[in-house]
Q: 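This is the structure I have questions about; it appears just below.
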Amino acid sequence: MYADLTGKVAVVTGSSKGIGQAVAARFGQEKMKVVINYHSDPAGAEKTAAAVVANGGQAVTVQADIATEAGAELLLATALTNFNDLDVWVNNAGMEIKSPTHELSQADWHKMITIDLDGVFYGSQVALAYFEKQHKPGNIINMSSVHEEIPWPTFAGYAAAKGGVKMFTKTIAMEYAKDNIRVNGIGPGAINTPINAKKFADKAQYDRTVSMVPMNRIGTPEEVAAGAAWLASQESSYVTGITLFIDGGMTLYPAFKDGQG
Ligand code: NAD
């Protein structure tokens with residue numbers, strides 16, 4: 001628990017399930033007021049809201065497409081209308097499409113870039129504009145991936161977007177540090193969420209993914225949410241422009257783990 005988070009207002013994009021849902025629930029535990037965003041799953045968003053309230057926080061749900069500027073503006077407006085302020089903005093929503101790159105349609109490429117990169121820009125921009133206008137400290141957390149570092153064949157659009165998120169995060173962290181606005185990324189490894197449901201249902205694929213993690217297990221959404229709470233809190237007050245990898249060591253070149261090579 002981070003006492004300084006009590007009563008703070010957060011927006012969490014794509015929080016009807018998975019990591020976003022766990023981040024919102026954790027913010028509830030921190031007694032925060034949380035705007036829960038969903039795209040197409042209102043029931044999931046209600047579940048998240050119930051978890052936030054059960055944990056001691058406050059919640060409001062709102063449908064918005066974060067791949068549009070209007071979606072980001074609606075999320076800010078929802079925070080201001082319901083909770084009168086904004087302190088923390090988490091750009092969590094994301095998606096991936098698998099395809100050999102030479103067969104990847106332009107539509108699917110643009111879908112990944114629009115949701116995974118443009119969405120982070122739109123969200124960050126409205127949050128930055130608010131913090132600047134209010135002359136107040138602010139906190140932005142961008143859900144990136146280990147694939148901002150690790151190339152991922154057949155997921156070129158996703159990796160390109162997350163690589164973009166990495167440099168976007170570092171750049172705006174530097175640009176706004178003077179105003180006490182901190183901007184950090186989180187780089188999850190293999191986490192047990194709906195995005196991986198199909199893959200992890202196949203035992204061979206599950207075992208193969210586990211073999212790529214030095215800690216020999218898949219991570220939980222709650223372990224990622226713990227990092228988000230720390231980055232949102234004053235316990236990380238001198239941290240900006242980093243990616244906090246929460247990956248069981250996946251970014252440590254696990255092929256070398258037996259001392260070979
Ligand atoms: P998920 O599929 O369970 O959840 C993604 C959420 O994003 C959903 O709620 C979905 O509705 C929302 N979303 C997608 N497009 C949207 C849009 N246009 N507008 C609003 N919301 C939209 O996935 P997850 O595993 O919880 O992933 C969350 C984030 O973490 C993503 O950015 C993902 O790239 C990243 N990530 C996940 C893993 C993992 O192993 N699960 C690993 C690395 C990075």
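In listed order, ligands and their atoms are each counted from 1.
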Q: Just to check, does Tyr158 reach to within less than 4.0 Å of ligand 1 when the distance is taken from its heavy atoms?
A: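 Under 4.0 Å: yes for Tyr158.
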Q: Taking only Lys NZ, Arg NE, NH1 and NH2, and the carboxylate oxygens of Asp or Glu, determine whether Lys166 and Glu149 approach each other closer than 4.0 Å.
A: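 Salt bridge flag = yes for Glu149 with Lys166.
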Q: Quick one: nearest non-hydrogen protein atom to atom 32 (O) of ligand 1, plus distance?
A: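 For this ligand atom, the closest protein heavy atom is Asn92 O, 2.8 Å.
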Q: How long is the gap from NZ on Lys203 to CZ on Arg208, to the nearest 0.5 Å?
A: 14.5 Å
Q: Report the nearest protein non-hydrogen atom to atom 23 (O) of ligand 1: residue, atom name, distance rounded to 0.1 Å.
A: Ile195 CB, 3.5 Å
Q: Any side-chain heavy atom of Tyr158 within less than 4.5 Å of one from Ser145?
A: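 A side-chain contact under 4.5 Å exists here.
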Q: Do any nitrogen or oxygen atoms of Lys162 lie less than 3.5 angstrom from nitrogen or oxygen atoms of ligand 1?
A: yes
Q: Can you pull out the closest protein heavy atom to atom 3 (O) of ligand 1? Residue, atom name and distance to 0.1 Å, please.
A: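 Nearest protein contact, heavy atoms only, for atom 3 (O) of ligand 1 is Pro194 CD, 3.3 Å.
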Q: Could you list the atoms of ligand 1 found under 4.0 angstrom from a heavy atom of His39?
A: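 Selected atoms, number and element: 17 (C), 18 (N), 19 (N), 20 (C), 21 (N), 22 (C).
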Q: Looking at ligand 1, does any of its N/O atoms fall within less than 3.5 Å of an N/O of Ile19?
A: yes
Q: Would you check whether Lys17 reaches within less than 4.0 Å of ligand 1, judged by its heavy atoms?
A: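 Checking ligand 1 against Lys17, which is what was asked, there is a heavy-atom contact under 4.0 Å.
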Q: Less than 3.5 Å between some nitrogen or oxygen of Ala190 and one of ligand 1, yes or no?
A: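 N/O-N/O distance under 3.5 Å: no.
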Q: So which heavy atom in the protein is nearest atom 30 (O) of ligand 1, and how far is it from that ligand atom?
A: Met143 CG, 3.3 Å
Q: Ion pair present between Lys98 and Glu103, side-chain N to carboxylate O less than 4.0 angstrom?
A: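 Not counted as a salt bridge, because no side-chain N and carboxylate O are separated by less than 4.0 Å.
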Q: Ignoring hydrogens and geometry beyond distance, is a side-chain donor-acceptor pair present between Ser124 and Asn91 at under 3.5 Å?
A: yes
Q: Just need the protein heavy atom nearest to atom 35 (C) of ligand 1, so name the residue and atom and give the distance.
A: Ser144 O, 3.7 Å
Q: Pairs of nitrogen or oxygen atoms closer than 3.5 Å, one from Asn196 and one from ligand 1: do any exist?
A: yes
Q: Considering the options Thr169, Asn142, Thr251, Thr243, which one meets the side-chain hydrogen bond (donor to acceptor under 3.5 Å, both in side chains) requirement together with Glu148?
A: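 Answer to the side-chain hydrogen bond (donor to acceptor under 3.5 Å, both in side chains) test with Glu148 among Thr169, Asn142, Thr251, Thr243: Thr243.
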Q: Below 3.5 Å, N or O to N or O, backbone or side chain included: is there any such pair between Ile66 and ligand 1?
A: yes
Q: When you check the side-chain N and O atoms of Gln21 and Ser16, is any donor under 3.5 Å from an acceptor?
A: no
Q: Taking both backbone and side-chain atoms of Ile191, is any N or O found less than 3.5 Å from an N or O belonging to ligand 1?
A: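 Yes.
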Q: Is the NZ atom of Lys257 crowded by more than 12 outside heavy atoms at less than 6.0 Å?
A: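 Count over threshold, so yes.
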Q: Taking the six-membered ring of Phe200 (Phe, Tyr or Trp), confirm whether the NZ or CZ of Lys198 is under 6.0 Å from its centre and within 45° of its axis.
A: no
Q: Considering only NZ, NE, NH1 and NH2 on the basic side and carboxylate oxygens on the acidic side, decide whether Lys136 and Asp87 come within less than 4.0 Å.
A: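 A salt bridge links Lys136 with Asp87.
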Q: What residue and atom, counting heavy atoms only, is the protein's closest point to atom 14 (C) of ligand 1, and at what distance?
A: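 Checking every protein heavy atom, the shortest distance to atom 14 (C) of ligand 1 gives Gly94 O, 3.9 Å.
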Q: Give a yes or no on whether the backbone of Leu104 and the side-chain of Asp108 come within a donor-acceptor separation of less than 3.5 Å.
A: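 No; zero donor-acceptor contacts below 3.5 Å.
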Q: Give me the residue, atom name and distance of the protein heavy atom closest to atom 6 (C) of ligand 1.
A: Gly14 O, 3.6 Å
Q: Identify, for atom 15 (N) of ligand 1, the protein heavy atom at the shortest distance, and state residue, atom and that distance.
A: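 Result for atom 15 (N) of ligand 1: Ile115 CG2, 3.7 Å.
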Q: Check each atom of ligand 1 against the heavy atoms of Asn37 and keep those under 4.0 Å away; list them by number with element.
A: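 Taking each heavy atom of Asn37 in turn, ligand 1 has 20 (C), 21 (N) under 4.0 Å.
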